[in-house]
There are 2 protein chains.
Amino acid sequence: MVIGRITLKDVAREAGVHTSTASRALNPQTQSVVNPETVARVLEVAQRLGYRPHPLARGLRTNQTMTVGMVIPDVENPLFGPIIAGVEHRLGTDGYSLLIANTDPRDDSSLTVIDALAERRVDGMIIASASRVDEHIRRLHDQGLPVVQVNRMSNEVEVPAIVGDDHAGIGLVMEHLVELGHRRIGHVAGPGTFSTGLGRREAFLEWAGKLGVHEAPIEEAESFRMMPGYRVTRRLIERNPDLTAIVAANDLLALGAYQAVSEAGFTIGQGISVTGYNDVPFMQFVQPPMTAVRVPYRKMGVEAASVLLEMIADSETVRPGAVWLTPTLSVRESTARPRS
Amino acid sequence: MVIGRITLKDVAREAGVHTSTASRALNPQTQSVVNPETVARVLEVAQRLGYRPHPLARGLRTNQTMTVGMVIPDVENPLFGPIIAGVEHRLGTDGYSLLIANTDPRDDSSLTVIDALAERRVDGMIIASASRVDEHIRRLHDQGLPVVQVNRMSNEVEVPAIVGDDHAGIGLVMEHLVELGHRRIGHVAGPGTFSTGLGRREAFLEWAGKLGVHEAPIEEAESFRMMPGYRVTRRLIERNPDLTAIVAANDLLALGAYQAVSEAGFTIGQGISVTGYNDVPFMQFVQPPMTAVRVPYRKMGVEAASVLLEMIADSETVRPGAVWLTPTLSVRESTARPRS
DNA sequence: CGGGGCCTTGCAATCGATTGTAGTCGCCAG
DNA sequence: CTGGCGACTACAATCGATTGCAAGGCCCCG
């Protein structure tokens, strides 16, 4: 490996003290019990030799890896980039590193992936892949491992979750559409197995009632992808030909809706308005530019990491069950006044 | 932490052997020196108790972390999702985990980020952030750490690199344009400090000569982002009003070009053709759908991980200096016959 | 019947740090 | 002169595995 690595023993010998003394001198916690002059000498030697503590040796003794695991349902989804960036940034300032694991959505690899991370003895875990009922999360929590959920949440109320405020987000969209004059609005829902799918669906219904929307049919897509969005929107339009707007539960579903709406002979924006959710990169460049709810994903990552670090530092403190981050609305050309 | 964790000592006691024997029985390498019956007994006990070796203890002794570090210049760039996915997938099959570090492109944090990873004693490193002259990569290599570059490469020929074949990619675009009838083609180049910027630029010139392109002006953008692409394309069009096509060095530059071309009063595709490079997600939905070179990024990640694992397993074998992955062309509506 | 060699297993050192406990030294009071 | 206290520092155990070496048992052959 790296030749001539400097160990604590080297520092101790060079400074003329025992390794235990050198250790205490180097550790801010225990520095106070060591003679200040000795501390200075050890520090100087450590600096001069370029001493770096061996993380494995330290971790073995202290039972900490200074490592956090993160489980992503699909790294290729641009949604997760900003979350990862936020998490990584926050962790880095506290000296923690981020171990990434990707669950292939095709097979259910989440079990092995989570176990692999747990076996690495990470100090905590951030789960971006929660299902509403998620035994993996419960198991981790039962084992006493600090865990937080991000983006989506399970029913495990004991595990903190940092998520977007779907009720507020759908509210932004619905108020926008109602303000434009829409009263017959359909919802392309995401899978009810995820909190985002279910939450946006419930919010849709609630806002529809509150805002006096006459007609508010819902069709549920089997996944948050484009083709299901296409199929479901077709069905929605066939069954409810008078709809003037479609609220999709995410951007990809909305892109599917774009296609279905076009094929049905409507102009998006003019004939039927369509909205997305998440506002992933490039939604301003699709045709027409998509009106979508924007969720502060980077901030979400930062928050999740912060909460996790708190839990790691002090596992007793009572933590918030959930934090809802307030979204904003990016209004673009896929929404307009309804056709008369 | 987790209560009652099972250690090797527990397994040994339960199986009635010494820990060293248990260790050997559990390790496929050394299993052969242990009595088959003993092996079976130890295996059974380990299985029954749910024994999991402690990675830190093992790593401390064997000087391996079974961990690989990856340095990403910008996690939010959708380009890197597939690369990460590929790397993670390949590493996982060999029991390695992936430590992610993001270099904020704003400050030069690459030094500290790389050092942080190195101090964690990763068994190898994958660098996606190489500059053409990159002292960090050299330093790692000099320290004897297995390193591979991905996507971009530095001038360090000793360090393997898995990159897209830019010469072939630009060739695809140029042949496509020339076939359509274009003879006056401009290039929006990326920064010459990156191998991708320089390589595509040189390839552009070479193919222009080879294919008989009359006019082949180049302007270099300061970064691979949209606004620089916009500014540079404006300049390109002003100085060369007869251009009928623009080859951009990546998709974002091409989107900038879209805007500049529109503002100059041309229709993209009809008036001036524009091509992108990378074909990140959603390029098929921009207006007009973008013709772009598609690079097999997931495969790139898999290859990089494979090469790195080989280097880790056997640091002596001679490795390829560089592997060029063949791109394909996604032909869409941003390219068409030139205006007459 | 004794010794050499093979197969198997145990002993103990080791990786590099942290930390509880014991010991040393100087100084002051009795 | 001695006991005791305070301030430091050294010793050694420990975390959980791996591994070189030695030792034990057994068989076989001379």
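A, B, ... follow the sequence lines: proteins, then strands. Residue 1 opens every chain. As a basis for the values below, the full set of heavy atoms in this structure was taken, side chains included, without hydrogen atoms, waters or symmetry mates.
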Of A:Val33 and A:Thr19, whose nearest nucleotide on DNA chain D comes first from the 5' end? A:Val33

Is B:Thr62 near enough to D:dT18 that one of its side-chain N or O atoms lies under 4.0 angstrom from OP1 or OP2? no

Is there a side-chain contact between A:Arg48 and A:Glu14 in this structure, where contact means two heavy atoms from C-beta onward sitting under 4.5 Å apart? yes

Closest approach to the side chain of B:Arg61, judged atom by atom: which nucleotide of C:dA12, D:dA17, C:dT9 is it? D:dA17

Can you tell which of D:dA17, C:dG16, C:dT9 lies closest to the side chain of B:Thr21? C:dT9

Expected list for residues 153-162 of chain B: side-chain donor-acceptor pairs under 3.5 angstrom, two or more places apart:
unit_1   : atom_1 : unit_2   : atom_2 : d
B:Ser154 : OG     : B:Gln149 : OE1    : 3.1
B:Ser154 : OG     : B:Glu156 : N      : 3.2
B:Asn155 : ND2    : B:Arg132 : O      : 3.2
B:Glu156 : OE1    : B:Arg138 : NE     : 3.1
B:Glu156 : OE1    : B:Arg138 : NH2    : 2.7
B:Glu156 : OE2    : B:Arg138 : NE     : 3.2

Protein-nucleotide distance (A:Lys9, atom NZ; C:dT18, atom C1'), rounded to Å: 15 Å

Does a nitrogen or oxygen in the side chain of B:Thr7 sit under 4.0 Å from OP1 or OP2 of D:dA17? yes

B:Gln31 CD to D:dT18 C1', straight-line distance once rounded to whole Å: 15 Å

Residue closer to the 5' end of DNA chain C, A:Leu60 versus A:Asn27 (nearest nucleotide): A:Leu60

Rounded distance (Å) that lies between atom C1' of C:dT9 and atom CG of B:Leu26: 16 Å

Which is true for B:Ser20 with a 4.0 Å heavy-atom rule: it touches a base, it touches only sugar-phosphate, or it touches nothing? base

Rounded distance in Å - CD (A:Gln64) to C1' (C:dA17): 13 Å

Please report, rounded to the nearest Å, how far the P atom of D:dC15 is from the CZ atom of B:Arg58. 19 Å

Would you say the base of C:dG10 and the side-chain of B:Arg24 have a donor-acceptor pair closer than 3.5 Å? yes

Whole Å only: how far is the CG atom of B:Asn35 from the C1' atom of D:dG25? 13 Å

Within the 4.0 Å heavy-atom criterion, would you say B:Thr38 contacts the bases, only the backbone, or no part of the nucleic acid? sugar-phosphate

Could you give the NE2-to-C1' distance, from B:His54 to D:dT14, as a whole number of Å? 13 Å

Could you verify whether a donor N or O on one side chain and an acceptor N or O on the other, from B:Arg121 and B:Thr65, lie under 3.5 Å apart? no

Under 3.5 Å, is there a donor-acceptor pair between the B:Thr67 and A:Arg120 side chains? yes

Reckon B:His18 touches a base, only the sugar-phosphate, or nothing at all at heavy-atom distances under 4.0 Å? base

Round to the nearest Å and state the distance from A:Glu119 atom CD to D:dG16 atom P. 16 Å

Could you check whether any side-chain heavy atom of B:Leu99 comes within less than 4.5 Å of a side-chain heavy atom of B:Leu117, counting everything from C-beta outward? yes

With respect to the phosphate group of C:dG16, does any side-chain polar atom (N or O) of A:Tyr51 fall under 4.0 Å of OP1 or OP2? no

